[in-house]
Amino acid sequence: MKQGFRAWMGSLAILLGVWLASTAQAAPLLWVVEDGNSKLYLAGSLHLLPQSAYPLDPALERAYADTERLVLEADLKQLESPTNQTMLLAAAQADSDAPLRARIGDAMYQDVREHAKRLGLPLFSLDSLKPWFVGLMLELAAYQQAGFRPEYGLDQHFNQRAIADERPILGLETVDEHMSLLVGLGDNGVDSATTLAATLSQFAAYDDLPQTVYTAWRTGDLNAMEQLVDTMRAEQPAAYERLLANRNRRWVTELTALLAGSNNVLVIVGAAHLPGEHGLLALMKARGLELRRVN
């Protein structure tokens, strides 16, 4: 369950040649901004990664070594608590006794059935779930089948490092705020079936979704990331506002305050939060902050 929570938030589908992952030499998704007495490093994360992602790009390791505080989207330990996992599962249950087929239609149900079979998910286990959670489970299964695990995610990796180093760990939002993003899907114009349709569309577009996502992250292709975010904005405007744009607007205030302090900090957020008109890079630049890409 906890793997699924961050898998959905971290999933970006970007069409790149798979071979680039092992041959390209590109800068990681890492920027730094400085003021008179402190630095803020901003890194884009995938919340699930394969073990082969390690060792990391040395620039990421240097950024960690150059900082005194780690800032994540939210407190990972609290997110994984039994209470929050129970809350998420309860929110995922359908609001009616109608079977999934009746709630999403025959055509979409056929797609779900085919992908569930391919990924080894029992179809009956999805029947009582809301469509958005069905999409999450399918996507999680695809990542797990490809060897991606949350314990190898960039945020989890540095979270464990910071705990071992007794380094302060802060969250850009509270656990309650973070949980509300998922438990409220289907509210405020975020259509649950549309979210499932987007997941199925990703599967149709990319033969190996996890590998294409990993390739874009590993090669630091910000333009590919932006194209995907633009697609989400066009096809799922309510989800885009809820999951990306609104949070970025709140977070940029937190980032500005962190830079005003006296400690060097490493901030790690999902890679989808970086590019685009409402991305953190543009919002920070609009506040007069001069970011430099680290390589």
Side-chain angles (χ1 to χ4, degrees), residues 6-33 40-50 52-53 56-60 62-63 73 139 142-143 146 148 153-155 198-199 201-237 239-249 251-252 255 266-295:
R6 292 200 301 275
W8 196 91
M9 301 294 293
S11 294
L12 297 171
I14 300 123
L15 184 59
L16 294 169
V18 171
W19 62 272
L20 285 174
S22 59
T23 62
Q25 299 296 320
L29 294 174
L30 178 65
W31 284 258
V32 64
V33 58
L40 184 147
Y41 291 90
L42 179 62
S45 170
L46 290 186
H47 302 299
L48 287 86
L49 284 170
S52 60
L56 294 170
D57 189 294
L60 290 166
R62 288 194 297 268
E73 294 181 13
E139 197 160 357
Y143 277 83
F148 288 62
L154 192 70
D155 48 355
T199 299
S201 177
Q202 287 183 346
F203 285 138
Y206 310 113
D207 293 334
D208 190 345
L209 176 63
Q211 184 60 52
T212 55
V213 171
Y214 174 66
T215 299
W217 176 80
R218 187 75 176 184
T219 57
D221 193 328
L222 189 66
N223 290 331
M225 293 283 182
E226 183 169 2
Q227 291 172 12
L228 208 291
V229 170
D230 287 345
T231 299
M232 178 185 181
R233 183 182 181 184
E235 297 180 355
Q236 303 179 74
Y240 169 84
E241 286 293 324
R242 182 186 185 93
L243 299 176
L244 294 179
N246 286 344
R247 297 168 79 202
N248 289 345
R249 295 184 189 104
W251 290 356
V252 72
L255 297 180
L266 171 60
V267 180
I268 301 177
V269 298
H273 289 282
L274 299 181
E277 178 186 359
H278 303 119
L280 288 174
L281 297 176
L283 293 177
M284 293 176 73
K285 183 178 180 180
R287 294 204 174 196
L289 301 177
E290 297 183 7
L291 293 108
R292 172 177 57 84
R293 189 157 187 181
V294 179
N295 53 36

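Everything quoted here is computed from the prediction, not taken from an experiment.
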Visitor: What residue pairs, at least two apart or across chains, pass salt bridge (Lys or Arg N to Asp or Glu O under 4.0 Å) with a residue in residues 274-283?
Guide: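 Counting only pairs at least two positions apart or across chains, the salt bridge (Lys or Arg N to Asp or Glu O under 4.0 Å) contacts touching residues 274-283 are Arg233-Glu277.
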Visitor: Please give me the minimum heavy-atom distance between Pro210 and Phe148, naming the atom from each residue.
Guide: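 It is O-CZ, 3.5 Å.
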Visitor: Please examine the side chains of Val33 and Leu255, heavy atoms only from C-beta on, and report whether any two atoms are closer than 4.5 Å.
Guide: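 In short, these two side chains do not touch, never coming nearer than 4.5 Å.
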Visitor: Side chains of Leu281 and Leu42: closer than 4.5 Å at any heavy-atom pair?
Guide: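 Yes; the side chains approach each other to less than 4.5 Å.
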Visitor: Side-chain contact, heavy-atom cut-off 4.5 Å: Leu274 with Met225?
Guide: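 Not touching, per the 4.5 Å side-chain cut-off.
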Visitor: Of the non-hydrogen atoms in Lys285 and Leu291, which two are nearest, and what is the gap between them?
Guide: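 The pair with the smallest heavy-atom distance is N-CD1, 4.2 Å.
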Visitor: Atom CG of Leu29 and atom OG1 of Thr219: how far apart are they, to the nearest 0.5 Å?
Guide: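 One finds 8.0 Å between CG of Leu29 and OG1 of Thr219.
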Visitor: Please find the pair of heavy atoms, one from Ala142 and one from Phe203, that lie closest to each other, and give the distance.
Guide: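 Reported closest heavy-atom pair: CB-CE2, 3.8 Å.
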Visitor: Report the C-alpha separation of Asp57 and Leu30 in whole Å, then their side-chain angles, then the decisive distance to 0.1 Å, and conclude whether the side chain to side chain contact (heavy atoms under 4.5 Å, CB included) test is met.
Guide: CA-CA 10 Å; Asp57 189 294; Leu30 178 65; over 6 Å; no
Visitor: Side chains of Glu226 and Val229: closer than 4.5 Å at any heavy-atom pair?
Guide: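 Not touching, per the 4.5 Å side-chain cut-off.
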Visitor: Taking atom CG of Asn246 as the centre, report whether more than 12 heavy atoms of other residues, nucleotides or ligands fall under 6.0 Å from it.
Guide: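 Counting other residues, nucleotides and ligands, CG of Asn246 exceeds 12 neighbours.
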Visitor: Taking all non-hydrogen atoms of both residues into account, name the closest pair between Gly44 and Trp217 and its distance.
Guide: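 That would be O-NE1, 2.9 Å.
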Visitor: Taking Glu73 for its side chain and Gly270 for its backbone only, find out whether a donor-acceptor pair lies under 3.5 Å.
Guide: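 Yes; at least one donor-acceptor contact below 3.5 Å.
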Visitor: So, taking the atom named CD1 in Ile268 and the one named NE2 in His47, what distance separates them when rounded to the nearest 0.5 Å?
Guide: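 Answer rounded to 0.5 Å: 10.0 Å.
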Visitor: Taking Arg293 for the side chain and Pro28 for the main chain, is one N or O donor matched with an acceptor at less than 3.5 Å?
Guide: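 Judged by distance alone, yes, a pair lies under 3.5 Å.
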Visitor: List the steps, then state whether side chain to side chain contact (heavy atoms under 4.5 Å, CB included) holds for Leu222 with Trp31.
Guide: CA-CA 12 Å; Leu222 189 66; Trp31 284 258; 3.8 Å; yes
Visitor: Sort out for me which residue in Glu241, His278, His273 forms a side chain to side chain contact (heavy atoms under 4.5 Å, CB included) with Arg247.
Guide: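 In the set Glu241, His278, His273, the residue that makes a side chain to side chain contact (heavy atoms under 4.5 Å, CB included) with Arg247 is His273.
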Visitor: Compare all side-chain heavy atoms of Asn248 with those of Val269 and state whether any distance is below 4.5 angstrom.
Guide: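 They are not in contact (no side-chain heavy atoms under 4.5 Å apart), so the answer is no.
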Visitor: Can you tell me how far CG of Leu40 sits from CG of Leu289, rounded to the nearest 0.5 angstrom?
Guide: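 Going from the CG atom of Leu289 to the CG atom of Leu40 covers 8.5 Å.
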Visitor: Determine the minimum heavy-atom distance between Tyr214 and Ala53, stating which atoms define it.
Guide: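 Distance-wise, the nearest heavy atoms are OH-CA, 3.4 Å.
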Visitor: CG/Leu266 to CG/Leu60 distance, rounded to the nearest 0.5 angstrom?
Guide: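 Between atom CG of Leu266 and atom CG of Leu60 there are 8.0 Å.
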Visitor: Could you pull out all residues at least two apart from Gln227 that satisfy side chain to side chain contact (heavy atoms under 4.5 Å, CB included)?
Guide: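 Partners of Gln227 by the side chain to side chain contact (heavy atoms under 4.5 Å, CB included) criterion come out as none, since no residue qualifies.
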Visitor: At what distance, to the nearest 0.5 angstrom, does CG of Leu49 lie from OH of Tyr143?
Guide: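 Taking CG in Leu49 and OH in Tyr143, the distance rounds to 9.5 Å.
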Visitor: Can you give me the closest heavy-atom contact between Ala272 and Pro275, atom names plus distance?
Guide: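 In terms of heavy atoms, the two residues are closest at O-CD, 3.6 Å.
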